[in-house]
Structures are given as C-alpha cells and as structure tokens.
Colleague: 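Have a look at this one before I ask anything.
Heavy-atom basis, side chains included; hydrogens, waters and symmetry copies ignored.
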Amino acid sequence: MIIGYRINFRPLSHDKLRSHVMWQRQCSYNTASSMDGFEEAKERIRESFSKVELSPSSYDTAWVAMVPSKYSLNEPCFPQCLDWIIENQREDGSWGLNPTHPLLLKDSLSSTLACLLALTKWRVGDEQIKRGLGFIETQSWAIDNKDQISPLGFEIIFPSMIKSAEKLNLNLAMNKIDSTIKRALQNEFTRNIEYMGEGVGELCDWKEIIKLHQRQNGSLFDSPATTAAALIYHQHDQKCYQYLNSIFQQHKNWVPTMYPTKVHSLLCLVDTLQNLGVHRHFKSEIKKALDEIYRLWQQKNEEIFSNVTHCAMAFRLLRMSYYDVSSDELAEFVDEEHFFSTSGKFISDVAIIELHKASQLTINEKDDILDKINNWTGIFMQQKLLNNDFLDIKSKKEVELALRMFYVTYDRAENRRYIESYQENNFKMLKTAYRCGSMNNIDLLTFSMQEFELGLSQYQEEVEQLKRWYEDYRLEQVGLAQEYIYRTHLISVAVFFEHELSNARIMYAKYAMFLTLSDDLFEHLASKDELLNIIELVQRWDEHTNVGFHSEKVKLFFTALYDTIEEVATNAQIKQGRNVKHHIIELFVEGLNSMLVDRVEWGTRIPSIEEYLRVSLSTFGGKCMVLTSQYVVGIHLCNYQSDDEIQDLCYCSGIVMRLLNDLQSFKRERSDSRLVNMVKLVMKQRSGTICEEEEEEAIKHIKETIECNRRKLLRMVLQSKGKGSKVPQALKDLFWRTTKAVYFFYSDHDEFRSPNKVKHHINQVIYKPLHNR
C-alpha cells in the first residue's frame with residue numbers, strides 16, 4: 001500500500017529478527033500450554049460487569065464513623081464502621097489500601113490517623129490505638145517526603161487531623177505543622193477546598209457548601225468523607241444522612257472513597273479492556289454498559305457531569321463507539337482559568353489527561369470547544385514534562401502517550417505497553433488510594449497476556465509464510481527487498497490484528513508489497529515498454545497468454561500478481577457468494593494507469609493541483625487496499641461505484657494518506673525537477689517560486705488540508721445508520737484503520753522507506769515475548 005518515491009537505501013539486517021524463528025516454536029508450545037483456564041478467566045471477566053464496587057476506604061469509613069447520632073452527640077450514628085475499623089487494622093498497626101504499596105505511606109498515615117480519631121472519639125479499641133500510634137511514630141518521616149504519592153488534599157487534611165488529635169490528647173510524638181492550614185487556604189489548594197472540607201472543619205461555611213454543592217443523592221461531591229464532615233460540623237441535614245445510609249444498603253459496615261460507583265467502574269472497565277486489546281471478546285457486555293452510560297448521558301446524570309474525569313471519559317468512549325454525543329457538553333472546560341477556579345471541582349492529572357484525550361475527537365472542520373480544550377490541556381501537560389513533575393515513570397508515560405494524537409499511535413504496541421505495565425494491584429488516588437475489583441484482577445492480566453502471546457505466535461508464522469511466498473516467486477529479482485515483508489506485515493497487523501483474520505493479513509501484506517514494487521517499477525526499475533506490457537497483461541487478464549512478456553522481470557512480476565489475485569478472488573467469492581474478480585482487477589488497473597500518467601505525462605509537464613490529487617490518490621493504493629480487503633473479510637457491499645458515501649470515504653482517506661506521504665518525501669525529492677509533489681505544486685500556485693518561506697507556508701497549508709480531511713473521515717466513520725449512513729460499519733472502520741496505519745508510518749518520518757521506530761515495533765508486535773513481572 002505504501003507508495004512513495006524510491007530512494008537509495010542499504011538493506012537492513014534482520015538477523016536478529018530471524019533469530020526469533022526458533023523461539024516461535026517454543027512460543028507456540030508455551031501459548032498452547034498456557035491456554036488452560038482461558039475460557040474460565042473470560043467468563044469471570046464477563047461477570048465483573050455486574051460487580052461494580054470499589055475497595056473499602058479506611059479513610060472514608062473512619063470519617064463516617066465519627067458522625068454523631070442524630071439523637072445523642074455522645075453516641076456514634078454508624079457504630080458498625082467502628083467494628084470494621086477494629087477488625088481491619090493491618091499487622092504493622094496501620095490502616096489503608098490492602099495490599100499496600102511502597103509509595104503509599106502518606107495514604108497509610110492519613111488513613112491510620114483518621115481511624116485513630118474515630119476510635120479515640122468514641123473511646124473504643126485501646127489496643128488498636130496503641131498499635132496505630134506506633135505506626136505513625138515510625139513512619140512520620142514520610143509526611144514531607146516528596147517521593148511519596150500524596151492523596152488529594154493531604155497538605156490540608158493531614159495537618160487538620162493532627163490538630164484534632166491534639167484536642168483528643170492523642171500523643172502522636174511529632175513536631176509537625178502549626179499554621180499549615182491557614183497557609184494552604186491562601187495558596188493553590190483553594191480551588192478544591194470544598195471537596196477537602198473535612199480538612200478545614202469549622203472554618204468551612206457548611207451551610208453554604210451544602211446549598212451550592214449538595215447533589216441529588218444527598219452527597220457532597222459523591223464523597224462519603226466530605227458528606228460525613230458536613231454532619232460532624234453542621235449536623236442538620238437529612239439528605240446527608242440518607243446518602244450515608246444508602247451506602248450501607250450495599251456495604252454492611254464500610255464505605256468506598258466514592259459513591260455511587262457504577263459509572264466510574266463501568267467507564268474504567270471498558271477503557272481497561274480497550275487498552276489491553278481484548279475488548280472484542282466482550283462486545284455484548286461493553287455495548288450493554290455503554291448503552292447505560294449513554295442513557296445517563298442523555299439524562300445529564302450527575303454521576304457523569306459533576307465529575308470532570310467521568311464526563312471526559314464518557315464522551316470519548318461513547319463517541320468512538322458510534323454514539324451521538326455533542327462536544328457542547330464539554331463547554332464548561334474551555335477556559336483554563338475558569339476551569340481551575342471553578343468552586344467544587346476537584347482536579348487531578350487524570351482529569352486533565354482525560355480532557356485532552358476527549359479533545360482529540362474532533363469531527364467538524366471547526367470545533368471551538370474541543371480545539372480550545374486541546375490547546376490548554378496540551379500546554380499544561382507539556383509543562384509537566386518540562387518540569388519532570390511526576391512521581392513515577394508510569395505517570396510520565398501516560399502523559400507522553402496522551403500528547404500523541406490517538407490516530408498516530410500503533411494500537412497493538414500500545415496494548416503491549418499497557419499489558420506489561422498492568423498489575424492486578426494497581427491503584428488510583430483521590431483523597432485515599434483505591435482499587436476497582438472489576439478492572440484490577442489477575443483474570444484480566446492472565447487473559448490479556450495469553451491473548452497477546454497467541455497473536456505473537458500467529459504473526460510469526462505469517463511472516464514465515466510470506467517469506468516462502470516471496471522466495472517462491474523470486475520477487476527479489478524483480479526489485480523488491482525482503483525487508484518489506486516485515487513492514488507490510490506490520491501494516492496488515494495494524495489493520496487486521498484479530499487472530500481469526502490471518503488470511504486477510506497475508507493478503508493485505510502481499511498487496512502492499514505489490515503496490516510498493518509497482519511504484520518502484522514505474523519510477524525507475526522498468527522501461528516504458530515494460531510498463532505498458534504490465535498494464536496490458538492486467539487489462540487482458542483472462543487472455544494474458546496471448547500478450548506475452550517483454551522481459552523476465554515482467555514475467556516474474558505478473559506471474560506472482562496473477563496467482564495472488566486469483567487466490568484472493570477465489571477466497572472473496574466464497575465470502576461474498578458472487579464473483580468479484582473483475583472489480584479486484586479493475587482497482588489494480590486504475591492504480592497502474594495513474595502511475596503511468598505520473599511517469600510519462602508528468603515528466604514533461606506540471607499538472608494542476610486538482611489533476612495531481614485525482615491521479616495520485618490512486619497511485620498511493622489506499623482505495624485498492626481497502627476495497628479489495630472488504631471482499632476477503634466478508635463485508636457485503638453492492639453498487640459501490642455509484643455510492644457517494646463510498647466515494648467520499650475514498651477521497652478523504654486518500655487525501656490524508658497521499659499528503660502525509662508527500663510531506664515526508666518532499667525534502668529528498670526537492671532537487672529532482674522530474675518528481676511531482678504536492679508541496680511543489682502548492683508553492684507554484686501561491687507564488688511560482690520555491691524558497692524557504694514559501695515552503696513553510698505550503699507545508700502549513702497541506703497540514704491544514706490533512707487535518708480537515710481527517711476530521712471529515714472520522715465524522716463519516718462514526719456516523720450511524722440513524723444519521724443517514726448506508727455503508728457497513730466494518731467497511732468504514734477499515735478505511736479508518738488503514739488511514740491510522742499510514743499516520744503511524746508517515747506522521748514524523750518516512751518509516752516505510754527509511755525505517756526508524758518501525759524496527760522496534762516489528763520486534764514488539766511480532767517477535768518479542770511479553771514481560772509483565
């Protein structure tokens with residue numbers, strides 16, 4: 001598929017890649033033997049869609065435990081929480097997320113101190129208090145340690161709890177923090193102060209906070225701790241009591257750090273399955289989950305719209321799953337200053353990352369809302385990278401990935417990265433660390449690793465099959481270097497990564513090699529007579545024996561092409577129930593005729609931009625690849641030629657692919673006056689001169705054209721039948737996947753002709769065994 005102008009290159013060594021062939025056999029054996037329990041794990045993952053609870057929060061449970069009874073200030077309203085606290089102290093005397101993590105000492109200190117306050121307030125658990133004080137004394141060094149992960153509001157809440165401990169005569173044995181609360185109130189923490197209200201205590205105007213921020217479910221910010229603090233310091237709100245009581249209808253004697261949890265858990269589970277690359281195994285469960293999210297979206301449900309992360313994630317997942325969602329719902333996040341100053345919005349890096357991901361899903365030529373969000377969130381994250389403001393390498397990687405537009409990434413490589421960094425004991429952080437059982441479990445890790453390893457084994461066998469085909473047809477003698485086997489197969493995996501589509505991948509890779517070889521033949525490897533001979537042979541397909549071959553090179557090329565297309569046509573006829581060979585040949589002939597115009601006619605004259613685009617879209621080969629592939633994978637489509645929607649998909653995707661190629665090939669071609677390129681044509685149209693300033697303007701114009709057509713393409717791909725689309729979704733997705741693969745190869749560099757990062761991706765996606773532990 002990847003047609004570009006040929007340059008001189010030194011053949012790459014693939015000795016290292018070949019060394020993996022022996023490993024392939026071992027991988028096949030290990031994969032087969034490790035598939036035990038695969039279906040069982042899959043079934044347990046399915047069941048997890050109905051289990052949407054978060055881990056118990058010692059911190060929040062302690063705050064709820066401190067709420068006094070409505071009938072007596074000397075009795076707890078929720079004594080069952082005290083029982084849970086006493087029963088769930090860890091061996092080292094602490095409370096917190098279990099199992100814990102070396103970087104969660106601040107969280108453990110915060111949770112432990114909250115539990116000590118609850119036990120001391122109600123004068124129970126003397127032994128637990130003694131052990132908890134011992135933990136705080138030995139671990140207090142972590143309070144000011146910058147390498148430890150801080151819960152949201154730790155700088156306010158923990159000092160406040162120290163003051164409360166002093167009032168209760170708890171001897172914490174710390175010489176810490178006197179006026180920190182007042183200083184914090186004057187600094188950047190003021191933007192989240194209501195959410196951290198338990199750390200401000202009596203200094204808060206709780207009546208006003210309840211008036212402004214109480215949700216329909218009775219909570220403050222869906223936070224049990226903040227809602228409990230309102231009852232501790234205000235004591236007169238029935239809806240807050242009802243909210244806390246509602247939690248105990250689901251959990252006997254503890255609370256999570258966020259409630260309700262349904263939207264959060266479903267969004268995170270769907271996102272995790274997609275990141276792991278196993279979402280296709282749970283289509284019905286994901287559709288049911290997203291249908292529910294969409295229903296809540298249409299109702300403007302608080303659980304979505306009162307939480308920045310939930311709103312951004314829901315928008316992204318729904319839009320990319322073909323639901324009709326408007327960017328208007330993100331309008332309140334357009335202005336950075338307003339966003340950070342909005343009272344009651346607790347902001348984390350995760351929220352900024354999710355907003356940036358959502359902002360990339362522009363489908364209109366102009367979308368002021370998403371474009372403005374994209375601009376300020378991008379600057380914000382770039383500044384974090386410059387400052388190296390991260391607690392761990394994983395957080396930094398997440399920001400780096402978010403800053404790369406989703407349509408230039410290689411999905412299978414990102415799946416691998418996510419699998420290798422995934423741990424069933426991963427956690428997220430709000431005012432305390434928490435886990436979601438449905439997305440942090442050994443079943444997800446085991447299932448995704450087995451699924452990925454199965455792909456490795458299959459991809460390696462396909463490369464070996466392509467190498468045998470390449471050697472059998474002596475394509476090296478025609479002019480195609482063997483290294484293109486690896487690159488074209490990498491493209492085919494990007495488009496068809498699913499295991500069951502092996503035949504489609506092999507066909508796609510072969511076609512990509514034929515189009516690459518055709519481009520080189522028409523560029524400089526064949527004479528004009530040989531080119532005309534090739535075109536006549538293809539045009540007179542069924543009677544090509546009457547045409548003859550002008551050279552051994554033509555014979556080798558056409559023999560390989562003939563046998564391949566005949567095989568493709570046979571398989572396509574089985575899938576389609578009709579003969580489609582004529583159309584497959586017609587698509588290839590269209591590309592060859594366009595290459596001839598490029599070689600013969602444009603060697604003596606400069607075409608207009610309109611003519612160049614009309615011809616060069618065919619020479620790149622995207623249309624040929626997509627419309628041929630549809631037959632092989634069984635997508636049924638009739639009367640494609642008269643369908644305006646198909647033509648628009650071909651045009652928009654073709655523009656993007658061709659111009660991405662032109663931007664990368666221009667610099668090496670600028671000195672050759674025979675070669676036509678869009679950058680040259682734009683400069684000629686603008687001023688008739690070629691200079692550095694005009695070149696920059698031409699490149700800017702072309703990038704704008706690419707972006708405009710990318711947005712139009714994505715809009716057509718995501719358009720549902722209810723909105724007028726008649727093209728099968730699978731075919732629209734095929735256009736998008738092919739375009740996305742071209743973005744990967746050409747966004748920064750010509751990775752097809754002069755590979756750099758591609759060599760790494762070949763190893764990551766096809767050969768290298770997974771490492772998770």
Side-chain angles (χ1 to χ4, degrees), residues 1-18 20-21 410 412 459-496 502 504-526 534 553 556-561 563-565 568 588 591-592 595 619-622 624-625 628-629 657 660-661 664-665 668 738 741-746 749-767:
M1 170 190 58
I2 311 302
I3 304 301
Y5 293 106
R6 183 82 168 201
I7 61 169
N8 294 327
F9 63 88
R10 183 177 63 184
L12 297 176
S13 172
H14 283 281
D15 291 341
K16 186 174 181 181
L17 295 181
R18 292 191 190 101
H20 286 278
V21 173
Y410 193 99
R412 208 61 181 153
Y459 300 157
Q460 290 163 31
E461 175 54 38
E462 290 163 6
V463 170
E464 293 305 305
Q465 185 174 336
L466 287 169
K467 287 162 72 173
R468 290 192 294 270
W469 170 81
Y470 172 89
E471 292 167 359
D472 289 345
Y473 284 100
R474 297 185 288 166
L475 292 180
E476 186 175 15
Q477 295 181 30
V478 185
L480 184 71
Q482 189 183 44
E483 64 200 48
Y484 285 107
I485 294 173
Y486 301 98
R487 298 176 211 166
T488 56
H489 186 258
L490 189 68
I491 298 170
S492 73
V493 173
V495 178
F496 301 111
S502 179
R505 278 191 297 277
I506 292 173
M507 181 281 295
Y508 204 92
K510 289 179 179 179
Y511 250 62
M513 281 187 270
F514 276 125
L515 289 168
T516 300
L517 183 54
S518 297
D519 183 66
D520 291 343
L521 288 169
F522 276 78
E523 178 56 40
H524 69 278
L525 290 182
I534 290 172
K553 182 185 298 181
L556 289 174
F557 173 82
F558 182 76
T559 300
L561 179 66
D563 289 350
T564 300
I565 287 184
V568 169
F588 207 89
L592 294 178
M595 290 179 192
T619 62
F620 193 85
C624 178
M625 296 289 290
T628 301
S629 298
M657 289 186 273
L660 282 170
N661 175 273
Q664 299 305 327
S665 62
R668 69 169 181 263
T738 300
V742 174
Y743 260 108
F744 168 75
F745 271 86
Y746 288 106
H749 174 72
D750 187 346
E751 290 285 345
F752 191 73
R753 295 293 193 179
S754 305
N756 185 5
K757 64 182 179 181
V758 159
K759 291 182 286 186
H760 171 75
H761 278 70
I762 289 171
N763 204 31
Q764 291 285 306
V765 173
I766 301 175
Y767 289 102

Colleague: Can you tell if the side chain of Lys467 reaches within under 4.5 Å of the side chain of Gln482, non-hydrogen atoms only?
Modeller: yes

Colleague: Check whether any side-chain heavy atom of Val478 lies under 4.5 Å from a side-chain heavy atom of Asp520, and answer yes or no.
Modeller: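 When only atoms from C-beta onward are counted, Asp520 and Val478 do not touch, as no gap falls below 4.5 Å.
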
Colleague: Does the His761 side chain pair with the main chain of Lys757, one donor and one acceptor, at a distance under 3.5 Å?
Modeller: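 Checked: pair present.
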
Colleague: To the closest 0.5 Å, what do you measure between CD1 (Ile565) and OG1 (Thr628)?
Modeller: 7.5 Å

Colleague: Please confirm whether the backbone N or O of Leu490 pairs with a side-chain atom of Tyr410, one donor and one acceptor, at under 3.5 Å?
Modeller: yes

Colleague: For Ala560, what residues pass the side chain to side chain contact (heavy atoms under 4.5 Å, CB included) criterion, not counting sequence neighbours?
Modeller: Tyr473, Leu475, Phe514

Colleague: Find out whether Leu521 and Lys553 are in side-chain contact, i.e. whether some heavy atom of one side chain is under 4.5 Å from a heavy atom of the other.
Modeller: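 They are in side-chain contact.
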
Colleague: Can you tell me if Gln460 uses its side chain to pair, donor with acceptor, with the backbone of Ile766 under 3.5 Å?
Modeller: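 It does hold such a pair.
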
Colleague: Please answer whether the main-chain N or O of Ser754 pairs with a side-chain N or O of His749 as donor and acceptor at a distance below 3.5 Å.
Modeller: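 Side chain of His749 to backbone of Ser754, a donor-acceptor pair under 3.5 Å: yes, one is there.
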
Colleague: Which distance, rounded to the nearest 0.5 Å, do you find between the OH of Tyr511 and the OG1 of Thr516?
Modeller: 13.5 Å

Colleague: Supply the atom-to-atom distance Ile485 CD1 to Glu471 CD, rounded to the nearest 0.5 angstrom.
Modeller: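 The CD1 atom of Ile485 sits 7.0 Å away from the CD atom of Glu471.
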
Colleague: So, do Asp519 and Phe620 sit near enough that their side-chain heavy atoms are less than 4.5 Å apart?
Modeller: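 They are not in contact (no side-chain heavy atoms under 4.5 Å apart), so the answer is no.
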
Colleague: To the nearest 0.5 Å, tell me how far Ser665 OG sits from Arg753 CZ.
Modeller: 10.5 Å

Colleague: Which residues satisfy the side chain to side chain contact (heavy atoms under 4.5 Å, CB included) test with Glu476, sequence neighbours excluded?
Modeller: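 Glu476 satisfies side chain to side chain contact (heavy atoms under 4.5 Å, CB included) with Tyr470 once adjacent residues are dropped.
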
Colleague: Taking it one step at a time, do Tyr508 and Thr488 satisfy side chain to side chain contact (heavy atoms under 4.5 Å, CB included)?
Modeller: CA-CA 8 Å; Tyr508 204 92; Thr488 56; over 6 Å; no

Colleague: Tell me whether Lys759 forms a cation-pi arrangement with Tyr486, defined as NZ or CZ under 6.0 Å from the six-membered ring centre and within 45 degrees of its axis.
Modeller: no

Colleague: Look up atom OG in Ser518 and atom CG in Leu480, then write down how far apart they are to the nearest 0.5 Å.
Modeller: 10.0 Å

Colleague: Below 4.5 Å, heavy atoms only, C-beta onward: do Phe745 and Leu660 meet side chain to side chain?
Modeller: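 Not touching, per the 4.5 Å side-chain cut-off.
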
Colleague: How far apart are the C-alpha atoms of Met507 and Thr564, what are their side-chain angles, what is the distance that settles it, and do they pass the side chain to side chain contact (heavy atoms under 4.5 Å, CB included) test?
Modeller: CA-CA 8 Å; Met507 181 281 295; Thr564 300; over 6 Å; no

Colleague: Within the 4.5 Å heavy-atom criterion, are Thr738 and Met657 side-chain neighbours or not?
Modeller: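 They are in side-chain contact.
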
Colleague: How would you list, by chain and number, every residue that makes a ring pair (Phe, Tyr, Trp, His ring centres under 6.0 Å) with Phe522, sequence neighbours excluded?
Modeller: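 Phe522: no ring pair (Phe, Tyr, Trp, His ring centres under 6.0 Å) contacts found.
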
Colleague: What's the spacing between Asn661 CG and Asp750 CG if we round to 0.5 Å?
Modeller: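 These two atoms lie 6.5 Å from each other.
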
Colleague: Is the gap between the ring centers of Phe752 and Tyr746 under 6.0 Å?
Modeller: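 Judged by ring-centre distance (under 6.0 Å), Phe752 and Tyr746 do not meet the cut-off.
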
Colleague: Can you tell if the side chain of Phe557 reaches within under 4.5 Å of the side chain of Gln477, non-hydrogen atoms only?
Modeller: no

Colleague: Please list, chain by chain and in numerical order, all residues satisfying side chain to side chain contact (heavy atoms under 4.5 Å, CB included) with Glu462, sequence neighbours excluded.
Modeller: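 In terms of side chain to side chain contact (heavy atoms under 4.5 Å, CB included), with neighbours along the sequence ignored, Glu462 is linked to Gln458, Tyr459, His489, Ser502, Arg505, Ile506.
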
Colleague: The criterion is salt bridge (charged side-chain N to carboxylate O under 4.0 Å, His left out); which residues satisfy it with Glu751, sequence neighbours excluded?
Modeller: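 Result, salt bridge (charged side-chain N to carboxylate O under 4.0 Å, His left out) vs Glu751: none returned.
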
